[in-house]
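Note that the structure is a prediction, hence the values are computed from the model and not measured.
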Amino acid sequence: LFAKAPGAACGPEDDIVYPEGVTRLDYEVELGVIIGRAAKRVPAETAREIIAGYCVFNDVSARCAQFSDKQWFRSKSFDTFAPFGPALVTPDEVGDPHSLGLRCWVNGQPRQESSTADMIHDVEHILEHVTRGLTLHPGDVVATGTPAGVGVHRKPPALLRPGDLVEMEIERVGRLANRVV
């Protein structure tokens with residue numbers, strides 16, 4: 001688990017600001033789970049009761065900071081490093097959150113394509129694990145992890161540059177489009 005600072009949050013069409021000194025900027029398409037009520041020690045069997053809805057979440061990461069710091073908080077918390085949206089889509093509209101197609105493109109080129117069915121942990125067990133040690137509050141967003149295809153692990157690496165357009169889509173949830181500036 002890792003956290004992002006509140007200043008990382010930005011909207012579904014906002015620019016991603018490439019910070020000075022960053023040399024390896026990356027993208028990660030993830031399903032965002034938006035919390036609807038305060039929750040602590042939630043068993044997986046009832047975890048869906050605390051979910052207000054879902055969104056598309058881009059876990060932008062400064063890999064240079066992640067690897068040099070040997071931890072993730074700063075590398076994932078720069079301002080604008082958490083674009084999400086385009087809206088809160090309610091659980092009844094989404095249906096099964098474990099059967100959604102996830103896709104990411106950079107400048108129109110496919111980078112990630114998978115399904116939430118391939119996630120290592122399902123939404124309910126993620127929420128159970130998180131709430132064992134902390135309280136989630138309404139409006140908190142829990143991102144579920146990303147499939148293969150992130151830039152740093154491609155051969156050769158395919159990282160973001162100023163001017164790139166990052167588009168992400170999750171079936172029945174929506175689409176983000178953010179430009180790197």
Side-chain angles (χ1 to χ4, degrees), residues 1-34 53-89 94 97 100-121 123 126 139-181:
L1 297 176
F2 60 87
K4 283 191 178 253
C10 68
E13 296 179 7
D14 291 343
D15 291 335
I16 298 167
V17 177
Y18 200 119
E20 184 177 331
V22 167
T23 58
R24 297 166 71 189
L25 190 65
D26 212 347
Y27 53 85
E28 299 182 26
V29 60
E30 302 189 16
L31 178 64
V33 181
I34 303 168
Y54 301 95
C55 65
V56 182
F57 190 92
N58 183 354
D59 180 14
V60 179
S61 303
R63 301 297 186 191
C64 53
Q66 179 181 338
F67 299 143
S68 70
D69 292 359
K70 300 195 183 349
Q71 58 83 35
W72 296 358
F73 181 74
R74 185 174 71 101
S75 70
K76 293 178 173 281
S77 289
F78 285 91
D79 292 346
T80 71
F81 274 25
F84 67 98
L88 179 152
V89 183
V94 170
L100 305 172
L102 299 100
R103 291 168 205 76
C104 172
W105 303 265
V106 176
N107 300 324
Q109 298 177 339
R111 295 287 179 91
Q112 293 180 279
E113 185 165 353
S114 188
S115 169
T116 55
D118 296 329
M119 293 190 313
I120 295 170
H121 303 288
V123 168
I126 291 170
D140 285 347
V141 180
V142 177
T144 58
T146 195
V150 296
V152 74
H153 296 303
R154 295 177 77 85
K155 304 289 186 225
L159 298 162
L160 297 173
R161 299 177 308 235
D164 285 348
L165 177 64
V166 182
E167 297 173 279
M168 298 185 165
E169 180 178 80
I170 299 179
E171 179 183 8
R172 298 192 306 271
V173 176
R175 186 177 182 110
L176 299 178
N178 304 92
R179 183 144 328 260
V180 179
V181 299

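Contact annotation: the side chain of Y54 never approaches that of R172 to less than 4.5 Å [non-hydrogen atoms, C-beta and beyond]. Residues I16 and F78 fail the side-chain proximity criterion, which asks for heavy atoms closer than 4.5 Å. Side-chain contact between F81 and P19 is present, with at least one heavy-atom pair separated by less than 4.5 Å. In this structure, I170 and V89 have side chains that are not in contact, with every pair of non-hydrogen atoms separated by 4.5 Å or more. Taking the side chain as every heavy atom from C-beta outward, P157 and V152 never approach each other to under 4.5 Å. For the pair T144/V33, a side-chain contact is recorded, criterion being any heavy-atom separation below 4.5 Å from C-beta on. Under the 4.5 Å side-chain criterion, counting only non-hydrogen atoms from C-beta, L25 is not in contact with L159.
The shortest heavy-atom contact between C55 and V141 is SG-CG1, 4.4 Å. Between R154 and P110, the closest heavy-atom pair is NH2-O, 4.1 Å. Taking every heavy atom of both residues into account, Q112 and V150 meet most closely at NE2-CG1, 3.7 Å. Across all non-hydrogen atoms, the minimal contact from Y27 to A158 is CE2-O, 3.8 Å. For the residue pair A143 and F57, the shortest heavy atom distance occurs at CB-CD2, 3.8 Å. Taking each heavy atom of P86 and V173 in turn, the nearest pair found is CD-O, 4.1 Å.
E169 contributes atom CD, which lies 10.0 Å from atom CD of E113 (distance to the nearest 0.5 angstrom). Once rounded to the nearest 0.5 Å, the distance linking CZ of R111 with CG of D26 reads 9.0 Å. Interatomic distance, CG of D14 versus CZ of R179, reported as 13.5 Å (0.5 Å rounding). Atom-to-atom distance recorded for F84:CZ and N58:CG is 12.0 Å, nearest 0.5 angstrom. Rounded to the nearest 0.5 angstrom, L160 CG and R24 CZ are separated by 12.5 Å.
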Apply side-chain contact (heavy atoms from CB on, under 4.5 Å) to D59 and T146, showing your working. CA-CA 8 Å; D59 180 14; T146 195; over 6 Å; no
So D79 and V17, side-chain contact (heavy atoms from CB on, under 4.5 Å) or not? Walk me through it. CA-CA 7 Å; D79 292 346; V17 177; over 6 Å; no
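Tested against C10, the residues V60, T80, D15 include a single side chain to side chain contact (heavy atoms under 4.5 Å, CB included) partner, T80. When each of C104, P12, P83 is paired with M168, the side chain to side chain contact (heavy atoms under 4.5 Å, CB included) condition holds for C104 and for no other.
Using modelled atom types, one side-chain atom of E30 and one backbone atom of G145 make a donor-acceptor pair closer than 3.5 Å. The backbone N or O of K76 sits less than 3.5 Å from a side-chain atom of K4, completing a donor-acceptor pair.
For E171, the CD atom is densely surrounded, since the number of other residues' heavy atoms within 6.0 Å is greater than 12.
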